[in-house]
Engineer: 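Structure incoming, see below.
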Amino acid sequence: MDNILDKIKQTVIVSVQAMPSEPLYLESCMTAMMQSVINGGAGGLRVAGIRDIKNAKKLFKVPVIGITKPDRIPSNYKEIVYITPTVKDVLDVIHAGADIVAFDGTQRPRPHNEKLVDLIKYVHINKRLAMADISTVEEGVKAKGLGADILSTTLAGYTLESASSPVGKPDFELLEKLVHETNMPVILEGRIWEPEQVDHALELGAHSVVIGSAITRPQLITKRFVFRG
């Protein structure tokens, strides 16, 4: 497991995801996107769903972060847990081959009253790395105490508890606090649009950086150019 951490250290990991309602969700499109970002130097992939996790592991030789999430993000997404929410989801991601299992690491209620500590336990039983997607320093500290191997700022600004997270730019303050207060690998993810932001994250001590929309969501990239008012 330490080898995986070494492989992704100070790299850009690309989140290659699409919703089933989007044109790029086609299996061939997602696989081509993975190949494209690897050709561009991605040090790892973050992918959602069993199909794409299996393809990422079968076709490519970079570390894979795997998650599950619903086919449609609910309108009350700030209030609920939906990223790899249950032990079953964790096991599905593991059986698909992911090197790192990412999950909602907040303290919000989980489906069926499942406990975060149990998700982490099953990740470790299966000798994988447990990555907690969190939105606040307090959540990160608690996730570390429960045994998480990696923290990620994925949910900053996307929970009720993180309403003060900056809009439209990365939460560097959260990153810096997590690095200093947890002394463990912290990944910056969320609202990264410029190469300089990657440099700044690494300067602040980020283990690595995950970029999604700025690279793999053409509809959002296009909107940045078209709707500038």
Side-chain angles (χ1 to χ4, degrees), residues 1-5 8 13 15-20 25 30 44-58 63-156 158-162 178 182 184-187 189-190 207 210 212:
M1 291 193 291
D2 288 341
N3 184 44
I4 296 296
L5 283 173
I8 64 172
I13 298 165
S15 178
V16 180
Q17 300 181 36
M19 304 303 291
Y25 184 74
M30 297 304 290
L45 299 169
R46 176 169 167 134
V47 294
I50 305 311
R51 181 197 73 181
D52 292 339
I53 296 170
K54 285 183 175 179
N55 284 337
K57 285 302 299 179
K58 179 175 69 175
V64 173
I65 301 169
I67 67 169
T68 67
K69 66 180 184 181
D71 289 344
R72 186 173 183 177
I73 304 301
S75 59
N76 64 335
Y77 67 90
K78 289 190 176 183
E79 304 170 22
I80 64 172
V81 171
Y82 63 88
I83 297 176
T84 323
T86 68
V87 168
K88 180 186 182 301
D89 291 300
V90 164
L91 294 175
D92 287 345
V93 169
I94 289 168
H95 294 154
D99 303 291
I100 300 170
V101 180
F103 45 81
D104 184 309
T106 70
Q107 295 297 304
R108 297 175 296 177
R110 312 185 77 82
H112 318 301
N113 293 317
E114 293 197 30
K115 303 300 181 186
L116 180 57
V117 67
D118 292 325
L119 274 67
I120 295 172
K121 178 180 73 174
Y122 278 97
V123 173
H124 289 160
I125 287 173
N126 288 277
K127 296 180 170 51
R128 308 299 168 91
L129 290 169
M131 186 166 101
D133 291 344
I134 53 84
S135 66
T136 68
V137 174
E138 293 75 19
E139 291 166 356
V141 171
K142 288 181 179 179
K144 176 185 179 179
L146 294 176
D149 304 295
I150 308 168
L151 301 176
S152 177
T153 64
T154 310
L155 291 173
Y158 301 102
T159 67
L160 296 178
E161 293 77 12
S162 60
L178 287 170
T182 67
M184 63 185 295
V186 180
I187 292 176
E189 180 174 2
H207 189 81
V210 171

Engineer: Looking at every non-hydrogen atom in both residues, tell me the closest pair between Gly105 and Ala132 and how far apart they are.
Structural biologist: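 Closest pair (atom of Gly105, atom of Ala132, distance): CA-CB, 4.0 Å.
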
Engineer: Looking at CD1 of Ile67 and CE of Met131, how far apart are the two atoms once the value is rounded to the nearest 0.5 Å?
Structural biologist: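 Result: 8.5 Å between the selected atoms.
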
Engineer: Roughly how far, to the nearest 0.5 Å, is NZ of Lys127 from CD1 of Ile94?
Structural biologist: 11.5 Å

Engineer: Which one of Leu116, Leu160, Val81 satisfies the side-chain contact (heavy atoms from CB on, under 4.5 Å) criterion with Arg108?
Structural biologist: Val81

Engineer: Does a side-chain heavy-atom distance below 4.5 Å link Lys58 with Asn55?
Structural biologist: yes

Engineer: Looking at side-chain heavy atoms only, is the closest gap between Met30 and Arg51 below 4.5 Å?
Structural biologist: yes

Engineer: How about Leu129 and Asp99: do any of their side-chain heavy atoms sit closer than 4.5 Å?
Structural biologist: no

Engineer: Quick one: pull up NZ in Lys69 and CE in Met19 and give me the separation to the nearest 0.5 Å.
Structural biologist: 5.0 Å

Engineer: In terms of relative ring orientation, are Tyr158 and Tyr77 parallel, tilted or perpendicular, with 30° and 60° separating the classes?
Structural biologist: tilted

Engineer: Mind checking salt bridge (charged side-chain N to carboxylate O under 4.0 Å, His left out) for Asp92 and listing every partner two or more places apart, or none if nothing turns up?
Structural biologist: Lys88

Engineer: Looking at every heavy atom in both Ala48 and Gln17, which two are closest together, and how far apart are they?
Structural biologist: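 Heavy-atom minimum between the residues: CB-OE1, 3.5 Å.
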
Engineer: CD of Gln107 to OG1 of Thr159: how many Å apart, nearest 0.5 Å?
Structural biologist: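 Spacing of CD (Gln107) from OG1 (Thr159) equals 11.5 Å.
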
Engineer: Testing the basics here: between Ile187 and Val210, what is the closest heavy-atom pair and its distance to 0.1 Å?
Structural biologist: CG2-CG2, 3.6 Å

Engineer: Side-chain donor-acceptor contacts of residues 118-126 below 3.5 Å, not counting sequence neighbours, with atom names and distances?
Structural biologist:
residue, atom, partner, partner atom, Å
His124, NE2, Asp149, OD1, 3.4
His124, NE2, Asp149, OD2, 2.7
Asn126, ND2, Tyr122, O, 2.8

Engineer: Check for a donor-acceptor pair, side chain of Thr153 on one end and backbone N or O of Ala156 on the other, with a separation under 3.5 Å.
Structural biologist: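 Not at all, since once roles are kept as given, no pair shorter than 3.5 Å links the two residues.
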
Engineer: If you take all heavy atoms of Pro70 and Tyr82, which pair is closest and at what distance?
Structural biologist: CD-O, 3.5 Å

Engineer: Would Ile65 and Leu45 count as a side-chain contact (heavy atoms from CB on, under 4.5 Å) if you check the C-alpha gap in whole Å, the side-chain angles of each, and the deciding distance to 0.1 Å?
Structural biologist: CA-CA 6 Å; Ile65 301 169; Leu45 299 169; over 6 Å; no

Engineer: Should Val87 and Glu114 count as side-chain neighbours, where that means a heavy-atom distance under 4.5 Å?
Structural biologist: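 A side-chain contact under 4.5 Å exists here.
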
Engineer: Can you see which heavy atom on Met184 is nearest to which on Ile150, and at what distance?
Structural biologist: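 Nearest pair, atom of Met184 first, then Ile150: CE-N, 3.7 Å.
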
Engineer: Any non-hydrogen side-chain atom of Val90 less than 4.5 Å from a side-chain atom of Thr84?
Structural biologist: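 In short, these two side chains touch, coming nearer than 4.5 Å.
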
Engineer: Below 4.5 Å, heavy atoms only, C-beta onward: do His207 and Leu5 meet side chain to side chain?
Structural biologist: yes

Engineer: Take Asp104 and Thr154 through the side-chain contact (heavy atoms from CB on, under 4.5 Å) test and state the conclusion after the steps.
Structural biologist: CA-CA 9 Å; Asp104 184 309; Thr154 310; over 6 Å; no

Engineer: Who pairs with Glu139 by salt bridge (charged side-chain N to carboxylate O under 4.0 Å, His left out), at least two apart in sequence or on another chain?
Structural biologist: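 Salt bridge (charged side-chain N to carboxylate O under 4.0 Å, His left out) list for Glu139, sorted by chain: empty.
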
Engineer: Donor-acceptor pair, distance only, cut-off 3.5 Å: does the side chain of Asp89 make one with the backbone of Thr86?
Structural biologist: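 Yes; judged by distance alone, with no hydrogens or angles, the pair exists.
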
Engineer: Heavy-atom distance under 4.5 Å between the side chains of Thr182 and Val141, does that happen here?
Structural biologist: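 In short, these two side chains touch, coming nearer than 4.5 Å.
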
Engineer: For Lys142, is the NZ atom crowded, meaning more than 12 foreign heavy atoms sit under 6.0 Å from it?
Structural biologist: no

Engineer: If you measure from the Lys or Arg side-chain nitrogens to the Asp or Glu carboxylate oxygens, is any gap between Arg46 and Glu189 under 4.0 Å?
Structural biologist: yes

Engineer: Which heavy atom of Ser135 sits nearest to which heavy atom of Thr106, and what is that distance?
Structural biologist: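 Of all heavy-atom pairs spanning Ser135 and Thr106, the closest is OG-CG2, 4.4 Å.
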
Engineer: Measure the shortest side-chain to side-chain distance between Ile8 and Ile100 over non-hydrogen atoms and say whether it is less than 4.5 angstrom.
Structural biologist: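 With C-beta onward as the side chain, the pair touches.
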
